2 protein chains.
Amino acid sequence: MASKGEQTRQEIVAAAKLLFYRRGYNNTSFSDIVAVTGVQRGNIYHYFKTKDDILAAVIEQRLAEYETALRNWEQEYADPKDRLRRFVQMVASNRGELAQYGCPIGTLSAELGKEYCNHQRSPRRLFDLFRDWLADQFRQLGKSKQAKSLALHLLGRTEGISVIGHVYADPALITTEIKSLQKWVDQL
Amino acid sequence: MASKGEQTRQEIVAAAKLLFYRRGYNNTSFSDIVAVTGVQRGNIYHYFKTKDDILAAVIEQRLAEYETALRNWEQEYADPKDRLRRFVQMVASNRGELAQYGCPIGTLSAELGKEYCNHQRSPRRLFDLFRDWLADQFRQLGKSKQAKSLALHLLGRTEGISVIGHVYADPALITTEIKSLQKWVDQL
DNA sequence: GTCTATATACGGATAGAC
DNA sequence: GTCTATCCGTATATAGAC
């Protein structure tokens with residue numbers, strides 16, 4: 001059972017995660033977080049010294065979430081190819097959100113990857129998580145040598161699809177492109 | 001010959017274009033533009049009523065630039081396939097910048113595409129420019145029916161490659177992925 | 001742990017002298 | 001067309017009562 005304080009902390013992180021995604025990190029203010037959570041300004045600073053600290057917590061939260069998802073997929077699907085299909089399917093399922101706000105990892109990286117930003121390299125760990133997991137699947141398919149570059153190729157394809165879908169705010173574009181990507185997986 | 005005022009205006013736009021790309025739109029302040037150009041704050045407001053107006057001018061500038069490039073490629077290469085190759089080659093040539101700051105169009109779209117942003121749909125015109133030109137080339141290759149979706153596929157591939165190259169700040173990743181994309185063009 | 005009040009800095013934008 | 005001085009809002013962050 002989580003203590004009261006821990007629960008408040010989680011509420012702040014959850015709200016920040018959503019706001020950073022939908023509005024961007026720089027465009028999200030403490031006032032926004034206060035408005036969403038009901039937790040008062042001063043109290044937020046009780047849990048996090050700076051806005052950067054909140055961002056760090058949000059990234060940790062995302063890492064944990066995705067790790068859990070990947071573990072589950074490993075349980076659900078024995079065939080590495082099915083796991084790859086499940087990964088691609090995730091993008092298709094999220095097409096609505098992706099078309100509205102872009103990829104949560106990709107747009108965060110784009111924003112934080114700019115010059116003079118404290119967190120330039122932080123979102124890379126999120127990419128590492130997927131890259132390493134995907135590479136594992138390719139290795140199990142007997143493609144040890146190209147595993148890493150195949151993983152980056154697949155990651156890049158999904159990111160590109162998200163960018164196009166977001167620019168045109170059109171989930172249907174994501175569906176079309178994902179079909180071609182599913183074929184690519186099938187033909188491995 | 002450009003008048004003095006016109007020249008000053010151009011300097012502001014040029015500086016803003018570079019700053020918006022490298023630091024992001026929201027992270028660029030008037031003070032930054034003053035520091036780069038030497039043009040004083042009040043004087044900038046003589047040319048642009050708002051920061052949004054500067055952004056609009058920067059987008060127009062990019063549109064004009066890219067239009068010129070595309071026209072030149074049409075002159076240089078008669079074969080539509082060579083024109084497609086030239087497009088892909090552009091990404092390869094810019095890999096250094098792309099790895100450092102991301103795609104100038106893609107990262108701008110990611111930033112402005114977020115919620116409650118005045119310019120949510122402005123960068124779409126930049127994508128339209130490339131999409132329509134690429135679709136034209138596919139049409140001339142006898143692929144009228146799929147022209148638009150092939151164009152979006154190619155655009156998406158380059159965007160995805162930029163995202164990965166940027167996240168890992170590694171131009172070599174861009175080179176690798178571009179090779180596979182060149183093959184795709186060759187096999188059309 | 002929660003809240004109010006406030007410090008401090010910097011953002012975009014304006015007024016007006018020259 | 002250029003420049004200085006300044007307004008005003010809002011941002012992050014802090015102090016301290018309860």
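Just so it is clear, the model here is predicted, and its values are computed rather than measured. Chain letters run A, B, ... following the sequence lines, proteins first and then strands; every chain starts at 1.
Contact check of residues 15-42 of chain B against DNA chain D (heavy atom, cut-off under 4.0 Å) returns B/Gln40, B/Gly42.
Closest to the A/Tyr45 side chain, of the nucleotides D/dT2, C/dA13, D/dA13, is D/dA13. In the set D/dT12, C/dG1, D/dT2, the nucleotide with an atom closest to the side chain of A/Asn43 is C/dG1. When distances are taken from the side chain of B/His46 to each of C/dG1, D/dA13, D/dT2, the shortest belongs to D/dT2. For B/Thr8, counting side-chain heavy atoms from C-beta on, the closest listed nucleotide (C/dT2, D/dA13, D/dT2) is D/dT2.
Defining each end axis of the helix from C/dG1-D/dC18 to C/dC18-D/dG1 as the rotation carrying four pairs' C1' atoms onto the next four, with five pairs an end, the two axes are found to diverge by 10° to 10 degrees.
Remark: the backbone N or O of B/Gln61 is not paired with any side-chain donor or acceptor of B/Lys17 at under 3.5 angstrom. A donor-acceptor pair under 3.5 Å is absent between the side-chain atoms of B/Arg139 and the main chain of B/Ala147, judged by distance alone. Within the 3.5 Å criterion, the main-chain N or O of A/Ala92 finds a donor-acceptor partner in the side chain of A/Arg95.
A/Lys49 places its NZ atom 9 Å from the P atom of D/dT14, with the value rounded to the nearest Å. Summarising the geometry, the separation between CG on A/Asn118 and C1' on D/dT12 is reported as 13 Å, rounded to the nearest angstrom. Atom CZ of B/Phe48 is separated from atom P of D/dT2 by 12 Å (rounded to the nearest Å).
Geometrically, B/Lys51 engages B/Tyr25 in a cation-pi contact defined by less than 6.0 Å to the ring centre and at most 45° from the axis.
Heavy-atom neighbours of A/Glu76 CD from other residues, nucleotides or ligands within 6.0 Å: above the threshold of 12. Counting non-hydrogen atoms of neighbouring residues, nucleotides and ligands closer than 6.0 angstrom, the NZ atom of A/Lys148 reaches no more than 12 such neighbours.
Residue A/Arg121 comes nearest to B/Ala169 through the heavy atom pair NH2-CB, 3.8 Å, listed as atom of the first residue, atom of the second, then distance.
Under 4.0 angstrom from either OP1 or OP2 of C/dG1 there lies no side-chain N or O belonging to A/Lys4.
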Working for side-chain hydrogen bond (donor to acceptor under 3.5 Å, both in side chains), residues A/Arg62 and A/Tyr66: CA-CA 6 Å; A/Arg62 282 202 182 276; A/Tyr66 294 135; 3.2 Å; yes
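In this structure, CH2 in A/Trp184 is found 12.0 Å from CD1 in A/Ile178, a value given to the nearest 0.5 Å.
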